[in-house]
Structures are given as C-alpha cells and as structure tokens.
Amino acid sequence: MNPAATPHQHNFDVLIIGSGLAGLTAALLLAPGRKVAVLTKRELSDGSSGWAQGGMAAVLAEGDSIDQHVSDTLIAGGGLCDLDATRAVVEGAPHAIAWLRQLGVAFTEDHDHPGELHLTREGGHSQRRIVHAADATGAAVQQTLIQRVKATPNITVFEHYMLVDAITDRHLKRSGIRCYGAYALDVKTGEVATFAAPQTILATGGAGKVYLYSTNPDTATGDGIAAAWRAGCRVGNMEFIQFHPTCLYHPDAKSFLITEAVRGEGGRLLLPASAGGTRFMPSHDPRAELAPRDVVARAIDFEMKKHGLDCVYLDISHQSPEFLKEHFPNILQRCLELGIDITKQPIPVVPAAHYTCGGVITDLAGRTDLGGLFAVGETACTGLHGANRLASNSLVECVVLARATAQAIAADEGALGKPTEMLALPAWDESRVTDADEAVVISHNWDELRRFMWNYVGIVRTTKRLERAAHRIALLQSEIQEFYSNFRVSRDLLELRNLVQVADLIVRSAHGRHESRGLHFSRDYPEMADQAVPTILTPALQKA
C-alpha cells in the first residue's frame, strides 16, 4: 500500500498495541502525565495473559534464593539464556508481585500462615516459589489491571483495532530507522486508522495459532513479531516453540490448558488401560513428571506414537476432593462440565503449542532495532527463556520488563517532541484495492498452514520435514501477498499474513540449527552442540 497525505491522525504520547499483562502494566506505569492509547484487536480481556493458570515465579520463601531461581532458569533454558536478562527478571520478580498486590490482585494465601502467600511448585523449579490465584492466576491479574486501566483518565482504549503495520521512515519515503506509530484496522468499520506517537510498544503476545493444536486464544497470531520484522527489526530464537505437555483432550474443549501445577502437586502421567495403564515418565527422565516441559512433551509424543494413541492421561485423583476444589477449582469445574470427575478419574491430555520463546530482539528496556519502537512480553526476545521457558517465568517477565520499558521511555522523552509537533503521517491508501471476492481462500490457506506446521515443524523435526514446510510457506506467501495487494484488508487476512510470516521465521530458524537443544529436537541432529549460540535473523530491509 502506498500512503497518501491526510490532515487527520490520532495523536498520543505512547501507543501500546496489545492488552495483555505486559501492555496494561506499561500503560498504567506511563499514564501519569502522558496520553496513552491501548489498541486491542478484540476486547481488553481476550489476550493470552488471562488464560494463564499456573502463576508467577518469585523468590519469597525461606530457603529459596535468587541464585537458585536463576540456576533453575538457566538449566531449563538449555544453555541459551542470557544471564543478565535472567538475573534482572528474577531480581525484579518479588517487587512485581508486591506491586500487583498493591493494585488489588487477590493471590491465594497460605492457610497455616495468614497474610503469607501460598507457594506451589512446578516442573523445573527446585523450590516452591509459584505465587498463584487458585488455578486462574492470569485471569485474576488481568481483571484487576483492566479495572485500573478503565479508571485511568489518561488511557484511551481502542477495542477491535488490529495492527496492520508500524509506520516508519519508509512510509515517509526517506531513509532512517525510526517508528512514528502504526496503521490499525478498525475491525467494525473496515477503515484503517493512523495512530501517531513518539513511542510505540508492541505487546501483541505470541504466535501459538500457527499450529493446529494450541493452548493459546485465537488472538495469538504473531502480529507484533511479523510487523516488527517487516519494519526492519531482527528476531531471535524463533525455532523454540514451547509445547505444553497437557492440554485437555476432548472434542468439546477448545484450547483448555491443564496447568503445570497439577503435576507439581503430585499428578502422574499414565498410559490408557489399552496400553497397560502404567506410569511412564520415570522411564524418560529421573525427575519424572517434574521434568521441564520439553522433556515431558517429547515423552508424551513418543508414547502416543509408539502405542498409536490419541491421548495419555494425567491422574491427580489421589488428592482429596477438598484439596482439588481449593487448588484447581476451574479445572475441576470445566472437566465436570465435560463428564470428567478429576477426583475419581484421570484427565485425557495431549501436547499443544503453548509459548513462543523467541521474538523481536530487544534490550532489557524493551528497545528494538528501531528508535521509538519497543517490544514487551511474549512478543519480545530478551534472552530470558533461552531454548526453553521455565514454568511461570513469563507473567513475571511481563511486569518486570514492562516496568523497565516505561522507565526507558520516560528517560528518552523529548527526542521527537510532543505529538502536536510531530510529522503529519501519511494515511492508509486503499484507492487501488477492492473488496475480497473469495474469502474461502483465506480460510483454506489458514487451515493448510496450521496443519503442515503441526505435522512438519512440531515437537520432533527432521530436515526433510522442514524443507517441505518451507516449500509450502513460499507458495502461501505468494498467494497471500497477491491477495493483500489487491483487496481491502480484513482481520482474517491480516492474521493469516502474520502467521505465514511467523511460520517462515520458525522454519528458517529451525533449519539453521544443526543440533537438538531445549524445545528444538531434530532426528537428523539428535546431539547438543558444545557451544550454545542463539539464532538471529536479520530482515533484508536492515541488511540493505
């Protein structure tokens, strides 16, 4: 699309795209004294943060230490975690929890020690350090922040607005590496609006919907990662897609996650009765069910393929009904709705794409390669997660890094001037496009992409599978670009465009890693290399 001049644009001091924990934290911290816009492509509560069941990891218990939390993170990360990023997040975690409690988040307290938080343990953690709100931590945190955002006059929320592209010097037909805001589609009207801001934060979450089976909401289509790449930002470690080992397997349950904490509280993984009904994790790893997620996911994948199974089972029925009602009320209720009584029966589970460990490369203040453009949360790649995310590190990263980003923006203010002094940005030009004639093209390509990504670029990979995926992606990119160039944009088209771009980045990154490390397991390269090296991709735009 070629821009055309316009006298009208939405002007703000800070533009935040995404309404999960990272985006809303940044909004609340930046709002005093600034005009802040929050764009969300559905409604405020529809991001991935609200789906997080487990909790937030922080060193709060006697006997635990910052060094132990750092060590657990580094071990889970397969040698690829950035030590400075890891220490920054771990050290900032207790303050993040305290800040959320001040806002009113009702974390679960310890019955035996009134006023103290109940701490649970999850796979990969050497201590109990998971702060939680029963088994719906993300929802509790998200609801509190949404209430605060709605009550803050300086924050304007634009629901049903979807990011189209970041506005850069390229749109102004001049050289430079700065972001000036973004184009966003008003999903309800079909119009593309221009948002101008000296500082733009991408907080659009991950890209789990690139796979057929995912624990993520429908909003997780890699929008910020794809837009940053198109704008000229580097991305890193995109091959490391975390597959959660235990997603509820039921035809009427869409993307319902069975939290890591179920295994942390003694849940055992079993084969179905038809395959012996035995516990299998001890034969795969000495840590059994408390092994890191990549180990557990591969073990389940192995057993399912070995025995030709549709699912395996997670049994927590040895715990009392009272215990399960207190600690896992939402899981208990949802399973009961589907005819599964977890106090008496095991839960059918399968692995599903869960978390994007890679993303837009940033420093520890959210800065990307473009001036005025930041990325936080799952959209960003700070180096914290390395080759595999340690359970419950992500929500706390959202708060810690959003705070650091807000502080950096405050320090950087004045570089471009107030919005009233900003350039008049070009409007979106759709003078040479028409309404789409065949929407079925979008839905067909979406389905094809997610299926071959699941089959070819899933938990276990081979070079041949990756090459097949790359071939299909190239054909889809050509089709989608032709569609994008000739027809008015829609949310479905934009999401498909972003998913295909993210799929390309995942496959390129996976194809270039000639080893097995963390979440990337290749049958052709089953051993881990001696040296841990991150995968960094640089767009042609930046190379030029």
Side-chain angles (χ1 to χ4, degrees), residues 78 80 206-216 220-222 225-226 229 235-245 247 284 293-312 350-359 387-389 444-480 496 498-529 533-537:
L80 264 185
K209 299 305 283 190
V210 78
Y211 286 99
L212 184 60
Y213 301 111
S214 172
T215 65
N216 293 180
T221 52
I225 297 171
W229 173 262
V235 300
N237 291 345
M238 288 298 295
E239 68 270 40
F240 298 115
I241 302 294
Q242 187 174 64
F243 289 82
H244 197 287
C247 187
H284 289 271
R293 290 176 177 177
D294 62 315
V295 176
V296 179
R298 278 200 299 275
I300 295 173
D301 183 70
F302 174 86
E303 296 293 344
M304 288 175 61
K305 288 176 178 174
K306 176 183 176 182
H307 298 284
L309 306 173
D310 292 325
C311 66
V312 297
V350 291
H354 184 55
Y355 192 85
T356 308
C357 288
N388 184 15
R389 177 181 71 102
H444 178 273
N445 285 354
W446 177 295
D447 184 65
E448 180 186 355
L449 171 70
R450 297 179 68 204
R451 287 184 182 278
F452 74 65
M453 285 297 290
W454 182 260
N455 292 325
Y456 296 159
V457 201
I459 296 172
V460 176
R461 300 161 179 174
T462 68
T463 300
K464 182 169 285 189
R465 289 178 190 172
L466 293 174
E467 289 171 348
R468 286 173 176 162
H471 176 69
R472 295 302 308 149
I473 287 170
L475 294 175
L476 284 179
Q477 283 182 314
S478 177
E479 285 185 23
I480 293 164
L496 177 61
N498 292 334
L499 282 172
V500 171
Q501 180 60 75
V502 169
D504 175 60
L505 297 172
I506 293 170
V507 171
R508 277 204 261 170
S509 299
H511 196 267
R513 185 166 291 280
H514 294 170
E515 62 163 347
S516 289
R517 182 182 298 274
L519 300 166
H520 173 75
F521 185 84
S522 169
R523 283 185 179 169
D524 297 310
Y525 303 98
E527 303 300 322
M528 185 185 293
V533 180
T535 300
I536 298 175
L537 301 180

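Excluded from the calculations below are hydrogen atoms, water molecules and symmetry mates; all remaining heavy atoms, backbone and side chain alike, are included. In this chain, numbering begins with 1 at the start of the sequence shown. If you're wondering where the values come from, they're calculated on a predicted model, not measured in any experiment.
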Search all heavy atoms of [X] against all heavy atoms of [Y] and return the closest pair with its distance.
| X | Y | result |
| --- | --- | --- |
| Lys209 | Arg450 | O-NE, 2.9 Å |
| Arg517 | Arg513 | NE-NH1, 4.1 Å |
| Ala226 | Asn498 | CB-OD1, 3.5 Å |
| Ala353 | Ile241 | CB-CG2, 4.4 Å |
| Pro245 | Val296 | CB-CG1, 3.5 Å |
| Val507 | Ala469 | CG2-CB, 4.1 Å |

Counting only heavy atoms not in [X], do more than 12 sit closer than 6.0 Å to its [atom1] atom?
| X | atom1 | answer |
| --- | --- | --- |
| His307 | NE2 | yes |
| His471 | NE2 | no |
| Tyr213 | OH | no |
| Phe452 | CZ | yes |
| Lys305 | NZ | yes |

Side chains of [X] and [Y] in contact at under 4.5 Å (non-hydrogen atoms):
| X | Y | value |
| --- | --- | --- |
| Gln242 | Asn388 | yes |
| Trp446 | Thr221 | yes |
| Arg508 | Glu239 | no |
| Glu479 | His444 | no |
| Val460 | Arg523 | yes |
| Asn237 | Cys357 | no |
| Asp524 | Arg461 | no |
| Asp301 | Phe243 | no |

As an exercise, state the distance from [atom1] of [X] to [atom2] of [Y], rounded to the nearest 0.5 Å.
| X | Y | atom1 | atom2 | result |
| --- | --- | --- | --- | --- |
| Met453 | Leu212 | CE | CG | 11.5 Å |
| Gln501 | Leu476 | CD | CG | 12.5 Å |
| His520 | His514 | NE2 | NE2 | 8.0 Å |
| Ile300 | Ile459 | CD1 | CD1 | 8.0 Å |
| Cys311 | Met304 | SG | CE | 7.0 Å |

Any donor-acceptor pair under 3.5 Å from Ser516 side chain to Tyr525 backbone: yes
Looking at Val312, is its backbone amide N or carbonyl O close enough to the side chain of Glu303 to form a donor-acceptor pair, meaning the two atoms are under 3.5 Å apart? no
Parallel, tilted or perpendicular, judged at 30° and 60°: which one describes the rings of His284 and Phe302? perpendicular
For the pair Trp229 and Leu537, evaluate side chain to side chain contact (heavy atoms under 4.5 Å, CB included) and give the outcome as yes or no after the intermediate values. CA-CA 9 Å; Trp229 173 262; Leu537 301 180; 3.8 Å; yes
Tell me which one of Leu505, Val500, Val457, Ile506 satisfies side chain to side chain contact (heavy atoms under 4.5 Å, CB included) with Ile473. Val500
Verdict with reasoning, Met238 to Thr535, per side chain to side chain contact (heavy atoms under 4.5 Å, CB included): CA-CA 8 Å; Met238 288 298 295; Thr535 300; over 6 Å; no
